[in-house]
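Below you'll find the structure, written out as structure tokens, and then a few comments.
In this chain, residues are counted from 1 in sequence order.
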Amino acid sequence: MAYSPKRAMVELRHSSSSGARASSSPMKRDEDASPLIADSQPNDDDDDDSRGRHAHKDRDRPFWSYFQSLCPFLSEDARVSPQSSRIPLFVLIFVVLVGLISIFSIVKRLNDPYLCRKDGIVLHCPDVNEPPSLWENPYSSTTSWKPCAERRDGGISDLPPENETSGYIFIHAEGGLNQQRIAICNAVAVAKIMNATLILPVLKQDQIWKDQTKFEDIFDVDHFIDYLKDDVRIVRDIPEWFTDKTELFSSIRRTVKNIPKYAPAQFYIDNVLPRVKEKKIMALKPFVDRLGYDNVPPEINRLRCRVNYHALKFLPKIEQMADSLASRMRNRTGGSNPYMALHLRFEKGMVGLSFCDFVGTREEKSKMAEYRKKEWPRRYKNGSHLWQLALQKRKEGRCPLEPGEVAVILRALGYPKETQIYVASGQVYGGHNRMGPLRNMFPNLVTKEELATKEELDKFRKHVTSLAALDFLVCLKSDVFVMTHGGNFAKLIIGARRYLGHRLKSIKPDKGLMSKSFGDPYMGWATFVEDVVVTHQTRTGLPEATFPNYDLWENPLTPCMCKA
């Protein structure tokens with residue numbers, strides 16, 4: 001039977017794992033030559049058995065063999081007569097017609113004019129005269145939209161004096177670097193909605209890493225305040241006349257709680273503003289995703305983009321180190337080469353929280369079950385429902401891609417073995433065994449720890465958020481960015497690259513389709529490649545129409561970009 005992507009995954013996992021792996025299929029299969037695995041001599045008995053049971057499923061046999069089987073007169077050994085050749089000739093004509101229709105259908109799909117316009121928004125329509133590129137989107141996709149959220153020079157500020165604003169608001173930006181970034185953007189927007197003065201947000205201590213990073217340890221405070229001086233009044237600290245600073249988060253009277261998720265602008269005007277005016281200083285808690293997208297004025301969304309893409313700048317030393325890492329990626333082989341950045345979300349915590357099932361030994365699965373039971377007892381219950389849940393989540397494309405699965409997808413998209421890949425990730429669950437298939441197929445794979453010296457990185461280890469900032473910038477500067485699972489990091493990278501003009505490729509794999517393809521033991525390599533290529537034609541960071549509740553951070557098109 002023809003080579004299949006699932007077979008590739010099994011072979012690669014088997015070659016890189018010291019433990020026994022679960023079999024991908026109980027059926028025996030043949031193999032054609034593949035760019036992914038070494039040639040091997042099949043067992044004669046297995047070969048006979050496979051031909052007997054699965055010959056009718058061999059979809060990637062050489063095309064000429066189909067003609068010979070359908071048309072006996074094409075065989076050298078066939079006895080040809082005028083009477084016996086009429087039916088096969090008819091079958092041959094029929095097959096050719098079907099093939100032409102199929103080719104026409106594929107070409108039409110790739111050049112569908114309806115891809116150019118959706119909900120009144122002009123999008124990218126592939127240019128048949130522009131050859132496809134592995135490293136950048138077609139130039140024609142960059143000409144329709146341009147960023148327009150930046151500050152207008154010479155603008156007149158309409159802000160009242162500090163003592164005439166509605167009052168002061170204060171937030172703790174929680175979570176990791178990218179969640180904190182979104183919280184800061186939302187805080188500026190909420191201050192604008194209420195005409196309040198914003199106290200410089202505090203980056204809340206991370207409970208896992210015990211990180212003590214402050215705003216000024218990561219971002220350029222002077223630039224942040226100066227850039228937004230015509231939009232929102234921002235002060236560095238709580239006013240001196242407010243003596244008990246700890247009261248802000250310890251006193252119920254000074255804290256606004258129970259703000260609904262994705263709250264509209266009107267909620268803040270009706271419910272929060274009166275308390276700010278009364279108390280003069282109020283803390284907002286919690287403040288994760290506490291402002292919506294479609295229920296706020298367009299100028300508020302543009303302000304959030306202005307904060308995200310222009311006001312929030314990392315410190316010069318972080319920018320310089322990231323530039324150095326990006327330069328080293330492009331010159332690793334002695335010449336100038338493009339590089340890919342891969343955000344690999346396959347840490348133990350992510351795997352556990354996903355409640356998905358992954359290939360592994362019985363011991364590994366048992367330990368993961370105990371880990372989930374300890375960390376998420378309410379979701380785990382007795383574990384009896386988890387298998388069905390895992391199958392459903394994988395079918396819906398809600399499971400993280402394994403490193404080996406990512407490798408097969410990238411190879412199907414056409415990226416060669418020599419591709420330079422920068423990996424941004426935490427500690428990969430399964431360690432070297434799990435990373436084996438990816439490293440085997442793309443050996444030029446490195447992390448910041450391999451690109452930089454220990455002395456260079458030690459300057460940033462004091463603040464864990466600084467190391468995350470380096471990964472963020474190196475991914476942002478890459479020629480191609482590939483995500484493997486959702487999250488604020490990937491959303492912000494994809495959104496920023498779109499804001500820069502859609503030229504930079506940002507590949508977002510269709511995990512639902514991939515799970516279906518990897519689960520099909522009869523799908524041949526050629527069929528798999530066709531499915532991957534066609535499906536991801538429009539999943540590379542091209543202009544994409546927004547819809548209600550669309551995530552602003554992943555797609556800033558309509559609120560923050562203008563028609564060129």
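- In summary, the side chains of Y550 and D294 do not present any donor paired with an acceptor at a separation below 3.5 Å, with no hydrogens or angles considered.
- Checked by atom type and distance alone, the side chain of S515 pairs as donor or acceptor with a backbone atom of R394 at under 3.5 Å.
- Shown here are the side-chain hydrogen bond (donor to acceptor under 3.5 Å, both in side chains) partners of E174, two or more places apart in sequence or in another chain: there are none.
- The heavy-atom pair separating N295 from Y262 by the smallest distance is ND2-O, 3.3 Å.
- Within the 6.0 Å centre-distance limit, the rings of W135 and Y415 are counted as a close aromatic pair.
- Within the 4.5 Å cutoff, the side chain of M483 has no heavy atoms near those of the K491 side chain.
- The minimum heavy-atom distance between K508 and H536, with the atom names listed, is O-CD2, 3.9 Å.
- Looking at R411 and W525, their side chains come closer than 4.5 Å, going by heavy atoms from C-beta outward.
- In this structure H343 satisfies the ring pair (Phe, Tyr, Trp, His ring centres under 6.0 Å) test together with F489, sequence neighbours excluded.
- When only modelled atom types and interatomic distance are considered, R304 and N301 share a side-chain donor-acceptor pair under 3.5 Å.
- In plain terms, the two heavy atoms of L445 and M435 that are nearest each other are CD2-CE, 4.1 Å.
- No side-chain donor-acceptor contact under 3.5 Å links R290 to the backbone of A263.
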Taking distance alone, no hydrogens or angles, what donor-acceptor pairs closer than 3.5 Å link side-chain atoms of residues 369-378 to residues at least two apart or in another chain?
| unit_1 | atom_1 | unit_2 | atom_2 | d |
| --- | --- | --- | --- | --- |
| R372 | NE | G352 | O | 3.0 |
| R372 | NH2 | V351 | O | 2.8 |
| R372 | NH2 | C356 | O | 2.8 |

Report the C-alpha distance between N308 and R181 in whole Å, list the side-chain angles of each, state the deciding distance to 0.1 Å, and finish with yes or no for side chain to side chain contact (heavy atoms under 4.5 Å, CB included). CA-CA 7 Å; N308 187 28; R181 189 184 189 98; 2.7 Å; yes
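- The minimum heavy-atom distance between S133 and E136, with the atom names listed, is OG-N, 3.4 Å.
- Every salt bridge (Lys or Arg N to Asp or Glu O under 4.0 Å) that D479 has, sequence neighbours left out, goes to R330.
- Among residues two or more places apart in sequence or in another chain, the ring pair (Phe, Tyr, Trp, His ring centres under 6.0 Å) test is passed with F346 by F358.
- Side-chain contact check for R379 versus L353: some heavy-atom pair is nearer than 4.5 Å.
- Looking at N488, its side chain never comes within 3.5 Å of a backbone N or O of N178 through a donor-acceptor pair.
- Checking side-chain atoms of N137 against main-chain N and O of T540 turns up a donor-acceptor pair under 3.5 Å.
- For S478, the side-chain hydrogen bond (donor to acceptor under 3.5 Å, both in side chains) partners are R497, not counting sequence neighbours.
- Applying the salt bridge (Lys or Arg N to Asp or Glu O under 4.0 Å) criterion to K511, with sequence neighbours excluded, gives no partner residue.
- Of the N and O atoms on the side chains of T546 and N555, not one donor lies less than 3.5 Å from an acceptor on the other residue.
- Of the inter-residue distances, the one linking T447 atom OG1 with D471 atom CG reads 8.5 Å to the nearest 0.5 angstrom.
- Looking at residues two or more places apart in sequence or on another chain, you find no ring pair (Phe, Tyr, Trp, His ring centres under 6.0 Å) involving Y339.
- A donor-acceptor pair under 3.5 Å is absent between the side-chain atoms of R434 and the main chain of P403, judged by distance alone.
- A 4.5 Å side-chain heavy-atom check between L134 and P416 finds at least one atom pair inside the cut-off.
- The line from CH2 of W553 to CD1 of I494 is 15.0 Å long, rounded to the nearest 0.5 Å.
- With rounding to the nearest 0.5 angstrom, the CG atom of L542 is 11.0 Å from the CZ atom of R503.
- The two residues H172 and F287 come nearest to each other via the heavy atoms O-CB, 4.5 Å.
- Separation of atoms CZ (F472) and NZ (K477) is listed at 10.5 Å; rounding is to 0.5 Å.
- Listed by chain and number, the residues in a disulfide bond (SG atoms under 2.5 Å apart) with C305 are C560 (sequence neighbours excluded).
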Do I218 and L177 pass the side chain to side chain contact (heavy atoms under 4.5 Å, CB included) test, and can you show the C-alpha distance, the side-chain angles, and the key distance before you say yes or no? CA-CA 9 Å; I218 297 294; L177 171 65; 4.2 Å; yes
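- Not a single disulfide bond (SG atoms under 2.5 Å apart) links C475 to another residue, sequence neighbours left out.
- Annotation: the span from L401 atom CG to F518 atom CZ amounts to 7.0 Å, rounded to 0.5 Å.
- The closest side-chain heavy-atom distance from I171 to V190 is not below 4.5 Å.
- When the shell of 6.0 Å around CD of E449 is examined, it contains more than 12 heavy atoms from other residues, nucleotides or ligands.
- With sequence neighbours left out, the ring pair (Phe, Tyr, Trp, His ring centres under 6.0 Å) criterion links F267 to no other residue.
- Under the 4.5 Å side-chain criterion, counting only non-hydrogen atoms from C-beta, T213 is not in contact with Q180.
- In this structure, E544 and T538 have side chains that are not in contact, with every pair of non-hydrogen atoms separated by 4.5 Å or more.
- Residue-environment remark: CD (E450) exceeds the threshold of 12 foreign heavy atoms within 6.0 Å.
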Is there a side chain to side chain contact (heavy atoms under 4.5 Å, CB included) between M340 and I421? Walk through the geometry before answering. CA-CA 5 Å; M340 173 188 294; I421 300 180; 4.2 Å; yes
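- Within the 4.5 Å cutoff, side-chain heavy atoms of C185 are placed close to those of L312.
- From T484, atom OG1 reaches atom CG of L344 across 5.0 Å, with rounding to the nearest 0.5 Å.
- Contact check on E347 versus R345 returns a salt bridge, with a Lys/Arg side-chain nitrogen under 4.0 Å from an Asp/Glu carboxylate oxygen.
- For N444 (side chain) and E418 (main-chain N/O), a donor-acceptor pair under 3.5 Å exists by modelled atom type.
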Could you check V482 against I409 for side chain to side chain contact (heavy atoms under 4.5 Å, CB included), going step by step and ending with a plain yes or no? CA-CA 11 Å; V482 181; I409 293 171; over 6 Å; no
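- Looking only at distances, no side-chain donor or acceptor of K448 sits under 3.5 Å from a matching main-chain atom of L457.
- Residues forming a salt bridge (Lys or Arg N to Asp or Glu O under 4.0 Å) with K381 (at least two apart in sequence, or on another chain): none.
- Residues V533 and L413 come closest through the heavy atom pair CA-CD2, 4.4 Å.
- Looking at D357 and K393, no side-chain N of the basic residue comes within less than 4.0 Å of a carboxylate O on the acidic one, giving no salt bridge.
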